[in-house]
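If you're wondering where the values come from, they're calculated on a predicted model, not measured in any experiment. In each ligand, atom 1 is the first atom listed, and ligand 1 is the first ligand listed. Residue numbers run from 1 in the order of the sequence given.
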Amino acid sequence: MSSQINFKHLVNDENRMCKIVLAPFNGGQPHGGVDLGAEYMMKHGLKQQIEEILKWNTEVLDPLNGVNLEQLKAEADEQEKETKPKIKRADFVSMANKKIYETCKNDISKGEFQLTLGGDHSIAIGSIAGLLSRYPDAGIIWIDAHADINTVNTTESGNLHGCPVSFLANMDRKDWPKSFDWVPENLLATDKIAYIGLRDVDAGEKKILRDNNIKAFSMYHVDRYGINSVVEQAIAHVSKGNKDCPIMISYDVDAIDPEASVQCTGTKVDYGLNNREALFLCERICETGNVVALDVVEVNPSLGADETEILKTVAMGCSIVRCTLGETLL
Ligand SMILES: [Mn+2]
């Protein structure tokens with residue numbers, strides 16, 4: 001049934017290609033293990049599922065291959081013990097994202113699907129900047145418990161996985177560390193993003209959302225209107241009246257309720273999306289035919305209490321991918 005979905009922006013015949021970008025990066029937050037998310041999803045058979053069930057060709061891209069991430073993170077932490085900068089491991093996060101950006105920009109063509117497997121959510125700076133190099137008008141639907149829009153000035157934790165949207169929207173750019181100079185200017189307009197699933201938003205972020213009039217659907221809105229209405233409004237908002245507007249989903253698995261399926265993630269928040277809501281929104285956005293890219297981030301297998309918890313979270317990550325690439329119930 002998957003072949004029934006007409007992916008308007010993508011090659012739609014037997015040559016259709018999903019480029020899988022591995023982004024096993026954990027420098028945007030304190031926990032180890034989130035770097036294993038991509039590997040676990042691949043070990044779970046994700047590549048075969050995409051090829052055999054959904055009939056896409058795949059090619060794996062590995063922009064951080066050959067980079068000694070563990071050593072560089074340790075070096076950054078050691079150095080920052082003395083300097084205590086407001087934002088943590090900025091140059092390290094920038095270096096990794098620049099590589100992800102260049103791979104997404106240079107090694108993926110228009111007409112190919114961009115699937116990025118994290119890693120923590122800081123990797124969306126690179127993946128989304130790369131996607132926007134091909135589709136400058138793309139709308140971004142950000143699925144998350146958190147808004148990830150702290151600026152270098154508002155962040156309290158200093159963890160850059162809480163800041164990627166502010167970088168993409170060029171907020172407080174004059175105060176950025178120099179290493180982020182590579183991020184293109186005029187990249188993402190704040191009216192081209194919509195959030196779904198928010199329920200843990202810092203006071204500074206609430207002000208940013210309000211001041212910039214950013215479309216944000218919290219769990220209140222999911223409860224109030226239902227997931228179908230919320231997704232429809234999010235699609236309409238980012239598409240700006242263009243029924244062919246390309247759409248990218250940046251999916252943080254912490255949007256999903258821990259009790260439902262996602263225990264293995266770094267910043268769990270109760271009362272999130274249930275499993276059907278979590279997948280329905282992928283199915284519906286896919287059904288528009290406009291989806292061109294997906295990030296799946298913050299799967300952290302090392303935070304599982306047992307094999308069952310790990311398997312549930314990893315399987316949910318894989319389901320998110322399949323539903324976005326055209327898997328349907330009938
Ligand atoms: Mn996030």
Tell me whether the Mn ion (ligand 1) has H121 as a neighbour, meaning an N, O or S atom of it below 2.8 Å. yes

Name of whichever N/O/S atom of D252 is nearest to the Mn ion (ligand 1): OD2

Compute the angle centred on the Mn ion (ligand 1) spanning OD2 of D148 and OD2 of D144, and express it rounded to 10 degrees. 80°

Does K73 have more than 12 heavy atoms from other residues, nucleotides or ligands lying within 6.0 Å of its NZ? yes

Between the Mn ion (ligand 1) and D254, is there an N, O or S atom separated by less than 2.8 Å? no

Would the distance check show the side chain of K8 and the main-chain N or O of K243 forming a donor-acceptor pair, the cut-off being under 3.5 Å? yes

Ring centres under 6.0 angstrom apart (F92, F25): yes

So, the side chain of N57 versus the backbone of M17: is there a donor-acceptor pair under 3.5 Å, distance only? no

